[in-house]
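Given the structure is predicted, the values throughout are model-derived calculations rather than measurements. The figures here come from the full heavy-atom set of this structure, side chains too, leaving out hydrogens, waters and symmetry mates.
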Amino acid sequence: MLKNMNFPQFGIVTSISASERSAKVYLPMYKIETGYIKISREIPIYDIDNYGIAEKSQVVVSFINGDTANGIITSWI
């Protein structure tokens, strides 16, 4: 676990699991990729209408208690 993860992080989606509503995110500030983390229910996943979060999307990730294994994508930029 990295220190100072108690504040939201900017990241770039690298992989999505639509069936699990989760994604891997690269965090440029720390130069790491997360494991699969949850995607907030309010954020649409890319679909046939070409709308929603997809690979290379910019997102904001929040980590519960600063734990990089326990994050959630809270915003889609």
| request: Begin with the C-alpha distance, continue with both residues' side-chain angles, and end with the deciding distance and a verdict on side-chain hydrogen bond (donor to acceptor under 3.5 Å, both in side chains) for Thr34 and Tyr26. | output: CA-CA 6 Å; Thr34 67; Tyr26 177 71; over 6 Å; no
| Which is it for Ile73 and Ser40 under the side-chain contact (heavy atoms from CB on, under 4.5 Å) test, yes or no, and what are the steps along the way? | CA-CA 6 Å; Ile73 298 171; Ser40 173; 5.9 Å; no
| field | Verdict with supporting geometry, Glu20 and Tyr36, side-chain contact (heavy atoms from CB on, under 4.5 Å) | value | CA-CA 9 Å; Glu20 298 292 322; Tyr36 279 97; over 6 Å; no
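Contact detail for Val25 and Val61: the closest heavy-atom pair is CG1-CG2, 3.9 Å. Closest approach of Gly71 and Phe63 over heavy atoms only: CA-CD2, 3.7 Å. Contact between Ala23 and Ile16 at its shortest, heavy atoms only, is CB-CG1, 4.0 Å. The shortest non-hydrogen separation linking Val60 to Pro8 is CG1-CB, 3.6 Å.
Using a 4.5 Å heavy-atom cutoff, the side chains of Ser22 and Ile37 are not in contact. Residues Arg21 and Lys38 are not in side-chain contact: their nearest non-hydrogen atoms beyond the backbone lie 4.5 Å or more apart.
Side chain of Asp47 to main chain of Asp49: a donor-acceptor pair is present (N/O by atom type, distance under 3.5 Å, no hydrogens or angles).
Between atom CD1 of residue Ile45 and atom OG of residue Ser19 there is a gap of 8.5 Å, rounded to the nearest 0.5 Å. Put simply, OG1 on Thr14 and CD on Glu55 are 7.0 Å apart, with the number rounded to the nearest 0.5 Å. In this structure, CH2 on Trp76 lies 8.5 Å from CD1 on Ile43, to the nearest 0.5 angstrom. Here Asn70 contributes atom CG and Asn65 contributes atom CG; the two are 7.5 Å apart, rounded to the nearest 0.5 Å. From Ser17, atom OG reaches atom NZ of Lys24 across 10.5 Å, with rounding to the nearest 0.5 Å.
Note: the hydrophobic cluster containing Leu27 does not contain Ile72 (ILVMFWY, side chain heavy atoms under 4.5 Å, direct or indirect links). Phe7 and Ile77 fall into different hydrophobic clusters, defined by Ile, Leu, Val, Met, Phe, Trp and Tyr side-chain heavy atoms under 4.5 Å apart, directly or through other members. Hydrophobic clustering (side-chain heavy atoms under 4.5 Å, transitive across Ile, Leu, Val, Met, Phe, Trp, Tyr) keeps Ile64 apart from Phe10.
Looking only at atom types and distance, the side chain of Ser57 has no donor-acceptor partner in the side chain of Tyr46 under 3.5 Å away.
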